[in-house]
There are 2 protein chains.
Amino acid sequence: MAEGGPGPGGGEALLFLTDEQLRKGIEAMFFAYRGFTADPDRILEDLDYGRAHHRAVHFIHRSPGTTVNNLLSILGVTKQSLNRVLRTLIEDGLVESRVGRVDKRERHLYLTPRGTELERMLSDAQRARMRAAYRAAGPAAVQGFRQVLEAMMDPELRRQYQTLKEGGA
Amino acid sequence: MAEGGPGPGGGEALLFLTDEQLRKGIEAMFFAYRGFTADPDRILEDLDYGRAHHRAVHFIHRSPGTTVNNLLSILGVTKQSLNRVLRTLIEDGLVESRVGRVDKRERHLYLTPRGTELERMLSDAQRARMRAAYRAAGPAAVQGFRQVLEAMMDPELRRQYQTLKEGGA
DNA sequence: TTGGAAAGTCAACAAGGCTGACATAAAATC
DNA sequence: GATTTTATGTCAGCCTTGTTGACTTTCCAA
């Protein structure tokens, strides 16, 4: 239990690392993530889509022309899982799949106007909540928020995130 | 670049609310949550349990003697979903269900020694990652992290979270 | 005492993960 | 040119975990 006591000798600055503080952070992640997905989920439900569709649409919007393989590594699912989602999105006319010009094995993915419209609806909803949270917490808190989240990622995913982050700025 | 400029005038202070900054926050949540669940997921996989079991075990540990209904409102799933998970945990001897004394309709839930052991394994793993992230980011960042997460919750969930937070401290 | 509400259980179904096997086409290599 | 590797798509089948609907037991209040 060493961490708990505010005793003398070097330990006081680490009080934010007690099991109790960490548990609060864990529960905060759990409840916050529910809020984070709640608004898009409501929109998707009416359209008979799920979170998997949202994720695909988001990252195709982020990186137009991305290949299936690329998307797989970002989303971290199997190609069968992704394919099921992509198939419905393509059938419904939200995503277009073009054969690669240099490498004809690849399929490059783009949002159609209707896909762009859905992406807009979803991201508007999600951004509205983020914006409210950011505004309530203030810029300093936001910086800390991002720092902790980055430190929480697996190194592999952090690399992916950094790439996206730079690419989009 | 946006975050840096502390220029004069009214609008600059809100640069952290641009769509671009919000998008980064959204993607950070996505990737960080994957890391957040990765370690417990690995442990659960070997035991043929899933995240739903983890959540149940976590909150029963947090609030021993809680009722099924109570747990339902915290977890935000249907009672049928929860029931399936509870049934396997009870069959496997990790959770004990006692008929309520004052109201015999209620079942009060407790972790058995084996359930406590699993909870310990899972929370140790998850805390280790949180601790590393907290340590890397520092106490000020952690405070901001928690502020933004709380602001992101649905009001109903925030109330639940606050109750738990106080109760456990 | 009887009827409704509340807590919990059981049955069946759907979404979306997963693995494994296999097909095709194109690129890369020998 | 033949072979192997890579990128993608597809089928079949499984698991977890969400859903709704129907049901029992228990409690409470009219």
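Letters A, B, ... mirror the listed sequences (proteins, then strands); counts begin at 1. As the structure is a computational prediction, the values presented were derived from the model and not from experiment.
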Peer 1: Looking at R34(B) and D154(A), does any basic side-chain N land under 4.0 Å from a carboxylate oxygen?
Peer 2: no
Peer 1: More than 12 heavy atoms of other residues, nucleotides or ligands under 6.0 Å from CD of Q143(B): is that the case?
Peer 2: no
Peer 1: Could you tell me which residues satisfy salt bridge (charged side-chain N to carboxylate O under 4.0 Å, His left out) with R107(B), sequence neighbours excluded, listed by chain and number?
Peer 2: none
Peer 1: Using whole Å, report how far CG of L82(B) lies from C1' of dT20(D).
Peer 2: 16 Å
Peer 1: When the aromatic ring centroids of F59(B) and F30(A) are compared, is their separation below 6.0 Å?
Peer 2: yes
Peer 1: Just the rounded figure in Å: distance from P of dA6(C) to CZ of R107(B).
Peer 2: 17 Å
Peer 1: Take atom CZ of R55(B) and atom P of dT17(D), then tell me their distance rounded to the nearest Å.
Peer 2: 7 Å
Peer 1: Between atom CG in L75(A) and atom C1' in dT8(D), what is the gap in whole Å?
Peer 2: 16 Å
Peer 1: Examine dT17(D): is either OP1 or OP2 under 4.0 Å from a nitrogen or oxygen in the side chain of H53(B)? Give yes or no.
Peer 2: yes
Peer 1: Across the strands shown, which category fits H108(B) at heavy-atom distances under 4.0 angstrom: base, sugar-phosphate, nothing?
Peer 2: nothing
Peer 1: Is there a path of hydrophobic side-chain contacts, each under 4.5 Å between heavy atoms, that joins V68(B) and I74(B)?
Peer 2: yes
Peer 1: Heavy atoms from C-beta onward define the side chain here; which of dG17(C), dT8(D), dT17(D) lies closest to that of V68(A)?
Peer 2: dT8(D)
Peer 1: 5'-most contact on DNA chain C: D103(A) or G50(A), nearest heavy atom basis?
Peer 2: G50(A)
Peer 1: So, under a plain 3.5 Å distance rule, would you say the side chain of Q80(A) forms a donor-acceptor pair with the base of dG16(C)?
Peer 2: no
Peer 1: For dG8(C), does either OP1 or OP2 sit under 4.0 Å from a side-chain N or O belonging to N83(B)?
Peer 2: no
Peer 1: Between dT6(D) and N69(A), is there an OP1 or OP2 to side-chain N/O distance shorter than 4.0 Å?
Peer 2: no
Peer 1: Just how far, in rounded Å, is C1' of dT8(D) from CG of N70(A)?
Peer 2: 14 Å
Peer 1: For T78(B) and dT19(D), is the shortest distance between a side-chain N/O and OP1 or OP2 below 4.0 Å?
Peer 2: yes
Peer 1: Using side chain to side chain contact (heavy atoms under 4.5 Å, CB included), reason through R158(B) and F31(A) one step at a time and then give a plain yes or no.
Peer 2: CA-CA 7 Å; R158(B) 186 178 311 127; F31(A) 287 113; over 6 Å; no
Peer 1: Specify the separation, in whole Å, of atom CG of L72(A) and atom P of dT19(C).
Peer 2: 12 Å
Peer 1: Counting only non-hydrogen atoms, which of residues 84-100 of chain A are less than 4.0 Å from DNA chain C?
Peer 2: R84(A)
Peer 1: Should E117(A) and R114(A) count as an ion pair when the cut-off is N to O under 4.0 Å?
Peer 2: no
Peer 1: dT8(D) base to K79(A) side chain: any donor-acceptor pair below 3.5 Å?
Peer 2: yes
Peer 1: Please give, in whole Å, the distance from dC15(D) P to Y49(B) OH?
Peer 2: 16 Å
Peer 1: Can you find an N or O donor on one side and an acceptor on the other, under 3.5 Å apart, linking the side chain of R105(A) with the base of dT6(D)?
Peer 2: yes
Peer 1: In whole angstroms, how far is the C1' atom of dC18(C) from the CG atom of D48(B)?
Peer 2: 13 Å
Peer 1: Describe the nucleic acid contact of G76(B) in one word from base, sugar-phosphate, nothing, applying a heavy-atom distance below 4.0 Å.
Peer 2: nothing
Peer 1: Classify the ring geometry of H53(A) against Y49(A): parallel below 30°, tilted from 30° to 60°, perpendicular beyond 60°.
Peer 2: tilted
